[in-house]
Engineer: 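Dumping the structure here so I can ask a few things about it.
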Amino acid sequence: MKLITAPTKIELGKNRSVFLAGSIEVGVAERWQDIVIKKLSKENVTLLNPRRASCDASWKQEIENPVFKEQVNWELEALEKSDMIIMYIDKNTKSPITLLELGLFARSGKLIVCCPDGFWRKGNVDIVCERYEVPQVIDLEELINEVKKRVK
């Protein structure tokens with residue numbers, strides 16, 4: 001496994017690449033990316049993880065902020081370049097950027113979504129996934145297993 005985290009330059013090799021889209025809300029969202037990275041550590045896959053070590057919740061989220069702009073552009077580039085996008089939506093979050101990414105990439109054919117019962121907009125997610133034939137899985141373990149199947 002190769003791991004590329006924001007804001008590192010995205011250089012993909014021969015392995016299938018997987019963007020880790022989903023809930024990141026600090027202090028609220030489960031650190032699900034760490035679980036995925038650990039469980040896929042022996043697979044021939046490149047993981048693109050937007051969760052950066054030096055994230056600061058006080059960043060002004062505006063285009064004039066160069067660090068924020070770098071982060072958003074990194075994520076968009078990684079989403080576009082990846083072969084697969086797995087999306088885990090933590091039921092305890094609002095995840096507005098995850099919902100934005102779902103809308104942007106629902107027609108891409110690259111998405112696999114896990115949206116557990118209890119998420120405040122699960123109905124919307126389910127309808128978008130049904131309409132655009134985005135596969136859904138029931139939990140994080142099934143999401144990881146789906147990646148393992150597809151990278152073999």
Engineer: By side chain to side chain contact (heavy atoms under 4.5 Å, CB included), which residues pair with K60, not counting sequence neighbours?
Structural biologist: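 Per chain and number, K60 pairs via side chain to side chain contact (heavy atoms under 4.5 Å, CB included) with E62, N65.
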
Engineer: Sequence neighbours excluded, which residues qualify as side chain to side chain contact (heavy atoms under 4.5 Å, CB included) partners of T98?
Structural biologist: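 With neighbours one apart ignored, the set is M87, I89, S95.
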
Engineer: Just to verify, what does N44 make a side chain to side chain contact (heavy atoms under 4.5 Å, CB included) with, not counting sequence neighbours?
Structural biologist: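 N44 satisfies side chain to side chain contact (heavy atoms under 4.5 Å, CB included) with N15 only.
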
Engineer: Going from CD1 on I97 to OG on S23, what distance comes out if it is rounded to the nearest 0.5 angstrom?
Structural biologist: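 Between I97 CD1 and S23 OG, I get 11.5 Å after rounding to 0.5 Å.
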
Engineer: Atom CD in Q33, atom CG in L48: separation rounded to 0.5 Å?
Structural biologist: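 Reported to 0.5 Å precision, the distance equals 12.5 Å.
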
Engineer: Within a reach of under 6.0 Å around NZ of K69, are more than 12 heavy atoms found that belong to other residues, nucleotides or ligands?
Structural biologist: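 Counting other residues, nucleotides and ligands, NZ of K69 stays at 12 neighbours or fewer.
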
Engineer: Going by the side-chain hydrogen bond (donor to acceptor under 3.5 Å, both in side chains) test, which pairs reach into residues 114-126, not counting sequence neighbours?
Structural biologist: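 Pairs touching residues 114-126 that pass the test: K122-D126, D126-Q136.
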
Engineer: Applying salt bridge (charged side-chain N to carboxylate O under 4.0 Å, His left out), name anything that partners E75, two or more places apart in sequence or on another chain.
Structural biologist: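 Salt bridge (charged side-chain N to carboxylate O under 4.0 Å, His left out) list for E75, sorted by chain: empty.
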
Engineer: Does the pair K152/E43 count as a salt bridge with the N-to-O cut at 4.0 Å?
Structural biologist: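 Yes, K152 and E43 are salt-bridged.
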
Engineer: Do L104 and I63 share a hydrophobic cluster, counting only Ile, Leu, Val, Met, Phe, Trp and Tyr and linking them when any side-chain heavy atoms are less than 4.5 Å apart?
Structural biologist: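 No, no single cluster joins them.
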
Engineer: Please list, chain by chain and in numerical order, all residues satisfying salt bridge (charged side-chain N to carboxylate O under 4.0 Å, His left out) with R31, sequence neighbours excluded.
Structural biologist: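 R31 satisfies salt bridge (charged side-chain N to carboxylate O under 4.0 Å, His left out) with D34 once adjacent residues are dropped.
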
Engineer: Show which side-chain atoms of residues 4-11 pair as donor or acceptor with protein atoms under 3.5 Å away, not counting sequence neighbours.
Structural biologist:
{"unit_1": "T8", "atom_1": "OG1", "unit_2": "T5", "atom_2": "O", "d": "2.9"}

Engineer: Check the surroundings of atom CD1 in I138: do more than 12 heavy atoms from other residues, nucleotides or ligands lie under 6.0 Å from it?
Structural biologist: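 At most 12 heavy atoms, drawn from other residues, nucleotides or ligands, come within 6.0 Å of this atom.
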
Engineer: Of all residues at least two apart in sequence or in a different chain, which pass the side-chain hydrogen bond (donor to acceptor under 3.5 Å, both in side chains) check with R16?
Structural biologist: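 Once residues adjacent in sequence are excluded, R16 has no partner under the side-chain hydrogen bond (donor to acceptor under 3.5 Å, both in side chains) criterion.
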
Engineer: Does anything in residues 138-149 form a side-chain hydrogen bond (donor to acceptor under 3.5 Å, both in side chains)? List the pairs, not counting sequence neighbours.
Structural biologist: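 For residues 138-149, and leaving out neighbouring residues, the side-chain hydrogen bond (donor to acceptor under 3.5 Å, both in side chains) pairs sorted by first residue read K39-E141, E146-K149, E146-R150.
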
Engineer: Write out all pairs satisfying ring-ring contact (aromatic ring centres under 6.0 Å, His included) with one or both partners inside residues 133-152, taking only residues at least two apart or from two chains.
Structural biologist: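 Residue pairs with at least one partner in residues 133-152: there are none.
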
Engineer: If you link ILVMFWY side chains whenever their heavy atoms are less than 4.5 Å apart, which other residues fall into the same cluster as I35? By chain and number, please.
Structural biologist: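 Members alongside I35: M1, L3, V18, L20, W32, V36, I37, L40, V45, L47, M84, I86, Y88, I112, V137, L140, L143, I144, V147, V151.
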
Engineer: List the steps, then state whether side chain to side chain contact (heavy atoms under 4.5 Å, CB included) holds for V125 with L99.
Structural biologist: CA-CA 8 Å; V125 172; L99 296 175; 3.7 Å; yes

Engineer: Between Y132 and A106, which heavy-atom pair has the shortest distance, and what is it?
Structural biologist: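 Nearest heavy atoms, Y132 then A106: CB-O, 3.6 Å.
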
Engineer: Please say yes or no: joined through hydrophobic side-chain contacts below 4.5 Å, possibly via intermediate residues, are L100 and L111 part of one cluster?
Structural biologist: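 L100 and L111: one cluster.
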
Engineer: Which pairs count as salt bridge (Lys or Arg N to Asp or Glu O under 4.0 Å) when at least one residue sits in residues 80-106, sequence neighbours excluded?
Structural biologist: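 Non-adjacent pairs meeting salt bridge (Lys or Arg N to Asp or Glu O under 4.0 Å): E77-K81.
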
Engineer: For residues W74 and P50, report the shortest heavy-atom separation together with the two atoms involved.
Structural biologist: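 Reported closest heavy-atom pair: CZ3-CA, 3.6 Å.
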
